[in-house]
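Data first, discussion second: the structure below is written as structure tokens.
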2 protein chains.
Amino acid sequence: MSEFPEIETGGYAPPVSKAESAPLEFEVDRSSPVPLYYQLAQQLEGAIEHGRLAPGSLLGNEIELAGRLGLSRPTVRQAIQSLVDKGLLVRRRGVGTQVVHSQVKRPLELSSLFDDLQAAGQSPATQVLRNETEPATAQVAAALGIAEGSDVVVLQRLRFTHGEPMAHMCNYLPPGLIPLDNAKLESTGLYRMMRAAGITLHSARQSVGARCATEAEGELLAEEPGAALLTMSRTTYDDTGRAVEYGTHIYRASRYAFEFQLLVRA
Amino acid sequence: MSEFPEIETGGYAPPVSKAESAPLEFEVDRSSPVPLYYQLAQQLEGAIEHGRLAPGSLLGNEIELAGRLGLSRPTVRQAIQSLVDKGLLVRRRGVGTQVVHSQVKRPLELSSLFDDLQAAGQSPATQVLRNETEPATAQVAAALGIAEGSDVVVLQRLRFTHGEPMAHMCNYLPPGLIPLDNAKLESTGLYRMMRAAGITLHSARQSVGARCATEAEGELLAEEPGAALLTMSRTTYDDTGRAVEYGTHIYRASRYAFEFQLLVRA
DNA sequence: GAGTGGTCTAGACCACCTA
DNA sequence: AGGTGGTCTAGACCACTCC
């Protein structure tokens, strides 16, 4: 497999390359507006990504690293901590800081279907079926945390890849949150429009299920009635905890599966 | 304005109760082995959960808070930061730290189906169908990051709630990771056994899809052939980045849906 | 015992927001 | 202009791990 003998022992004994052969050079630019800890974190992350810091290797203690860089220990710790939070490093008291035994690639973030597809080179397209304001039903009101009967924007879209239908999406948004121009909606994703409007997305609560397609759903998505569909409902919150979107979507299970990463919270 | 009008305006203007009427008392115990920042974080979290700190209310600036508690500012910051990471607080430069506009409940963590069901009062039960060692297929080896053909433990279980089958689970584990006693497996969940063995779970990469049940699957899960099934494959990693489990599971869509929360990574 | 990360302090200056 | 969080420093002592 790999060139370095990462493998050993059935148990767990951590094989540690004690002397990092090449101490690796890092440098910070004190005239830059970029925080020092962030500069260091980026350089460390780059070194890990590019394999200059091998998985399992020790980082060298914080105090010495701080001295070598001309930084204080708390600053170095802040850089290291940010990478620990990202899952790239592990700290062990009395042992040291090592590069994680890799395997875990970059965690998926909260992304829109549109971005996912585009990133996968799937050339997504959108058709807006509906874009209007109506009173919120009890379910929608509860999801968005607004009063039942108050106005919400209802959005219904069909998502295509390579000219084939792939998902039917129904979204509800608080009125006036962002301008919902049909042309814009057909050329980009909802999340991207929100971010562009200065909304900082923070988290989303999702529920994923499955069911068999009804006749109408089959027609809409070019599937036989009875075909498996993936269903998803999601409420998205911004960084102030305000619900900015609630959606119920259905996907053709034959063409789509959710990929995501869950993190254990301390 | 009035004193605590938390509600207002259709737009977004944050209505802030400038003077927190009752400054709220916090206290730390310096003789406790619990870190000071952690004590403070817990008290703040409790105050938020119990509504003593209203959503949207300001926390008071860090320096004053530090003074009132007899702590240094970095310590107070560490406490606050941990709650910001949890999504309970938002910091705004030049404004202050406020309690998130709630709505977001506690984020779901990486949990086992067993724990989920038990928490929901569903009295889960498990039947072990298979528990043996065999050579890893290419797919399993890739997921676990081990050599193809090397030994892995294969586990097949059926999960019941209220005496009804609910899911069929097939797991692969590195050999010798933990003792896999059948009796233990039938009385608890796999993750709980791992945690008890000192393994710190860190993250899991999942893929969720759907398909229609085959005849055999229908029989196993007491569904008609063609019924919608939810499929999930998951690789779980510990805090060193080592894959500790790979599983492919199928669930009766009529009885189960995944609930989870995604966070936006900075 | 030596070395590591974990915690904590008491200051400092800066950038940003509100007004 | 005043107040807030964001960053940074130069120390200190402790708890844990390993030899």
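Here is the naming used below: chain letters follow the sequence lines, and residue numbers restart at 1 for every chain.
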Distance test, side-chain N/O of B/R77 to OP1/OP2 of C/dA10, below 4.0 Å: no
5' priority, DNA chain C, between A/G96 and A/P74 [closest heavy atom]: A/G96
D/dG5 phosphate, OP1 or OP2, under 4.0 Å from B/T97 side-chain N/O: yes
Side chain proximity check, B/L177 to B/R242, heavy atoms < 4.5 angstrom: yes
Non-hydrogen side-chain atoms of B/L71 and B/Q78 separated by less than 4.5 Å: no
Rounded distance in Å - CD (A/Q98) to P (C/dT4): 13 Å
Residue pair B/L89 / B/V99, side-chain heavy-atom distance below 4.5 Å: yes
B/L44 vs B/L59, side-chain contact (heavy atoms from CB on, under 4.5 Å): CA-CA, chis, key distance, verdict: CA-CA 10 Å; B/L44 284 170; B/L59 211 61; 4.2 Å; yes
Value in whole Å for how far the C1' atom of C/dT7 lies from CD of B/Q39: 12 Å
Phosphate OP1/OP2 of D/dT7: any A/T75 side-chain N/O under 4.0 Å: no
Neighbour count above 12 (heavy atom, 6.0 Å) for B/E132 CD: yes
B/N61 vs D/dT4: side-chain N/O to OP1/OP2 distance below 4.0 Å: yes
Which atoms of nucleotides 12-16 of chain D (N or O only) lie under 3.5 Å from a protein N or O atom, and what are those distances?
{"residue": "D/dA12", "atom": "N6", "partner": "A/R73", "partner atom": "NH1", "Å": "3.1"}

Sugar-phosphate, base or nothing in reach of B/L36, heavy atoms under 4.0 Å: sugar-phosphate
Closest nucleotide among C/dT7, C/dT4, C/dT9 to the B/P35 side chain: C/dT7
Separation of atom CD in B/E64 from atom P in D/dG5, rounded to whole Å: 10 Å
Side-chain N,O (B/R91) to OP1/OP2 (D/dG6) below 4.0 Å: yes
Between P of D/dG11 and CG of A/L71, the distance in whole Å: 15 Å
A/Y37 side chain near D/dT7 phosphate (N/O to OP1/OP2, under 4.0 Å): yes
Evaluation steps, side-chain contact (heavy atoms from CB on, under 4.5 Å), between A/L180 and A/M193: CA-CA 9 Å; A/L180 287 167; A/M193 289 172 68; 4.1 Å; yes
Step-by-step ring pair (Phe, Tyr, Trp, His ring centres under 6.0 Å) determination, B/F258 to A/F258: CA-CA 11 Å; B/F258 285 105; A/F258 284 105; over 10 Å; no
Contact nearer the 5' end of DNA chain D, comparing B/I80 with A/Y38: B/I80
Spacing between A/L83 atom CG and C/dG5 atom C1', to the nearest angstrom: 16 Å
